[in-house]
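Here is the structure we will look at, set down as structure tokens.
If you're wondering where the values come from, they're calculated on a predicted model, not measured in any experiment. Heavy-atom basis, side chains included; hydrogens, waters and symmetry copies ignored.
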Amino acid sequence: ASRARGRTSGDSSLPQTNLFAATPALQSVRSPIEETPVAATPTNGIDDDASPLPSAIGYANRVLDRARRVVAGLAYEPSPESIHRASTSHRKARFATSSADGGNVELTFSSTPMPSSSTSGTTIGGHDGMPPFHAGVSTVKGEKRALFSTNEEDETKSRKKSPKKKDRSGENSPPPAATMAISCTPGGQQEGSDGVGNDMERLDGMTEGQHVGKVLELLCGLGAAYKYLCQFRSQDALELFRELPPEQINTGWVQHQIGKAYFEMTDYQQAHCALQQMQKVEPHRIKGLDILSTTLWQLKKEVELSDLAQQVVDFDRMAPEAWFVVGNCFSLQKEHETAITFFRRAIQLNPSYTYAHTLCGHEYTSNEDFEKAISCYRDAIRVDCRHYNAWYGLGAIYFRQEKFDLAEYHFQRALDINSQSSVLHCHLGMAQHQNGKTIEALDTLAGAFHLDPRNPQAHYQRATIFMTLDRPEDALCELEKVRSAAPKEASVHFNMGKVHKRLGQPAKAMRCFLTALDLDPKDNNLIKAAMDRLDEPDVEEEVSVF
């Protein structure tokens, strides 16, 4: 009943003070609803004959009263509690100039001061030493509202005049708001200066801009390098990583990426150094230890790999990288079944661990369990179709099974992903040669040692093809390059003996056979058979020994 009665009479439970009639100047901008006369109410907003309202309703009345003032475009008088909070927290008020509003300045206050009098579109006096402001009231929906803005004349003067230092005691006239930083103090005083404050703000802005530029430049460099690394353009990625500042290079993430780039280039010594630096910078880092363990596997460093496996398992037994490292450790010791067990454990912890699927397939291949190996490689491709190692593993299995068409297809898929791999070029050339594509195989192998002149496999395979084409001189030239790179490889000396026999040089052929026999006594039957047939013609000798 009280709510219904409050809508038509003065006995309302809400404050009935006509806020829109606070000043005569606002009478012209009031809405038609505001023209309805409202009876005056006592100071506390409650009729004398009405029963006292609960404290909650009284608080709601005060909130509603404040909301009405804000809607009307008037600044409300802050409560003593808000003034106390503003005083204790020392919140500062900043003037932010909007260049798109014709010189208007929007102000953000911790507690908005209440002007002594206000008129729409006129200048009102300052409160407690505040500079005069222009009160602009707008009740149109969608229109930008600025309850306070500096006078256009003051702002024009502030643009023309250069900032000068002024006395902080407040004796000089207040500077324009666009060039002054005001801080509210407990006593309502103001602190700031136009020149010093403006210079400091400008300096802060320049410093912030420079820092933002440096951060953006750093992110662009890191992003470009990482993009090249994902495209397997390792040399380009390394060049960008080297251009980073020293404090950024000596971080775990960057050293991890540098080690990965060297690893993809088969430069295992440099990869080892970078990944060791990663461990030194971030001893707690787990990411990258899988590549470090594979690098140690390639370098045949059993002691270091065993020590790394012990450390990483003690650090975090629930990390898949930990069991990956342990699997590499047992793989290097030729314990393939145990290595498979630990690789499976890593996959159990992280089913999307692509590299673990691939190395598990390598272990099955070493055990000649090709069906399970193919299943592991396919699981890796299912997780990441751009994992070229799995495509290479499938091609190697099909090559061993003499399915050269499938081998060439999978090697080509791997090469399409990583066109910078010299090893993939070699295997693709071998498959092309077996498929009768001799000229294409030579071109592919030429691209292999163009990418990596240190790769002896490319020269070895070219020698094989030259023997097929009955070009023993070219084959001998390629084999001499391989011998320079791998002087203790028995197969190289054996094949050089075969070439010397083809060239009609039995003495040199015998010397090469004896060297091969000393380096690899296990193949003495094959080498002795070749030595026994040294004086026999071998015009139709098969090239399969290569």
Side-chain angles (χ1 to χ4, degrees), residues 225-226 228-230 232-235 237-238 241-242 249-313 315-316 319-336 339 342-343 346 350 353-363 365-366 380 387-390 392-393 396 414 418 420-424 426 451-452 454-457 485-486:
Y226 189 71
Y228 286 147
L229 193 60
C230 293
F232 301 101
R233 298 169 58 180
S234 302
Q235 191 61 45
L238 287 174
F241 281 129
R242 294 191 188 103
I249 294 179
N250 295 323
T251 57
W253 187 87
V254 174
Q255 291 298 322
H256 176 197
Q257 306 308 318
I258 292 176
K260 185 177 179 181
Y262 281 120
F263 181 83
E264 295 293 345
M265 296 169 61
T266 66
D267 190 350
Y268 300 117
Q269 291 292 346
Q270 293 293 336
H272 184 213
C273 294
L275 294 171
Q276 275 189 327
Q277 181 66 19
M278 176 197 72
Q279 270 197 309
K280 182 179 179 180
V281 174
E282 294 187 21
H284 60 280
R285 185 179 180 85
I286 295 294
K287 297 295 183 181
L289 295 183
D290 49 358
I291 300 178
L292 177 58
S293 64
T294 308
T295 302
L296 294 174
W297 189 97
Q298 295 286 350
L299 297 175
K300 310 302 178 184
K301 295 186 177 183
E302 296 184 7
V303 178
E304 294 187 22
L305 184 54
S306 300
D307 183 62
L308 177 64
Q310 184 66 39
Q311 291 179 8
V312 69
V313 170
F315 181 74
D316 188 0
E321 290 83 1
W323 303 110
F324 184 96
V325 174
V326 176
N328 265 334
C329 180
F330 282 98
S331 175
L332 185 58
Q333 298 173 5
K334 307 299 181 181
E335 300 182 17
H336 302 297
F342 288 111
F343 286 137
N350 184 9
Y353 200 171
T354 310
Y355 205 11
H357 286 287
T358 301
L359 290 195
C360 192
H362 290 346
E363 297 302 318
T365 303
S366 300
H387 190 64
Y388 73 92
N389 307 80
Y392 160 77
N418 184 5
Q420 304 298 318
S421 174
S422 177
V423 176
L424 291 178
C426 290
L451 291 171
D452 186 8
R454 301 169 301 174
N455 186 5
Q457 184 71 13

Stepwise side-chain contact (heavy atoms from CB on, under 4.5 Å) check, F324 with T294: CA-CA 9 Å; F324 184 96; T294 308; 3.8 Å; yes
If you take all heavy atoms of [X] and [Y], which pair is closest and at what distance?
| X | Y | answer |
| --- | --- | --- |
| T266 | D452 | OG1-OD2, 3.7 Å |
| S234 | L229 | OG-CD1, 4.5 Å |
| V325 | A309 | CG1-CA, 3.6 Å |
| A225 | A237 | O-CB, 3.4 Å |
| A356 | A346 | CB-CB, 4.4 Å |
| A319 | I286 | CB-CG2, 4.1 Å |

Kindly compute the distance separating [atom1] ([X]) from [atom2] ([Y]), expressed to the nearest 0.5 Å.
| X | Y | atom1 | atom2 | value |
| --- | --- | --- | --- | --- |
| I249 | I258 | CD1 | CD1 | 6.0 Å |
| H357 | H362 | NE2 | NE2 | 13.5 Å |
| Y355 | F343 | OH | CZ | 9.0 Å |
| M278 | L289 | CE | CG | 5.0 Å |
| N328 | Q298 | CG | CD | 9.0 Å |
| F330 | E335 | CZ | CD | 5.5 Å |

Inspect the surroundings of NZ in K300 and state if more than 12 heavy atoms from other residues, nucleotides or ligands are less than 6.0 Å away. yes
Counting only heavy atoms not in Y226 (residues, nucleotides, ligands), do more than 12 fall under 6.0 Å from its OH? no
Before giving the answer on side-chain contact (heavy atoms from CB on, under 4.5 Å), spell out for Q277 and N250 the whole-Å C-alpha distance, their side-chain angles and the decisive distance to 0.1 Å. CA-CA 8 Å; Q277 181 66 19; N250 295 323; 4.1 Å; yes
Please test E302 against L296 for side-chain contact (heavy atoms from CB on, under 4.5 Å), starting from the C-alpha separation and ending with a verdict. CA-CA 7 Å; E302 296 184 7; L296 294 174; over 6 Å; no
Go through the side-chain N and O atoms of [X] and [Y] and say whether any donor and acceptor fall under 3.5 Å apart.
| X | Y | answer |
| --- | --- | --- |
| H387 | T358 | yes |
| H256 | E282 | no |
| S331 | E363 | yes |

Apply ring-ring contact (aromatic ring centres under 6.0 Å, His included) to residues Y268 and F263 and explain how you reach the verdict. CA-CA 6 Å; Y268 300 117; F263 181 83; 5.7 Å; yes
Under the criterion ring-ring contact (aromatic ring centres under 6.0 Å, His included), I'd like the reasoning laid out for F232 against Y388: C-alpha separation, chi angles, the key distance, then a yes or no. CA-CA 11 Å; F232 301 101; Y388 73 92; 5.2 Å; yes
So do S306 and Q333 actually touch side chain to side chain, heavy atoms under 4.5 Å? yes
Side chains of L238 and M265 in contact at under 4.5 Å (non-hydrogen atoms): yes
Stepwise side-chain contact (heavy atoms from CB on, under 4.5 Å) check, L292 with H272: CA-CA 7 Å; L292 177 58; H272 184 213; 3.8 Å; yes
Between S293 (side chain only) and D290 (backbone N and O only), is there a donor and an acceptor less than 3.5 Å apart? yes
Partner residues of D267 under the salt bridge (Lys or Arg N to Asp or Glu O under 4.0 Å) criterion, sequence neighbours left out: none
Contact list for residues 320-329, test salt bridge (charged side-chain N to carboxylate O under 4.0 Å, His left out), sequence neighbours left out: K287-E321
Would you call the rings of F342 and W323 parallel, tilted or perpendicular, taking 30° and 60° as the class edges? parallel
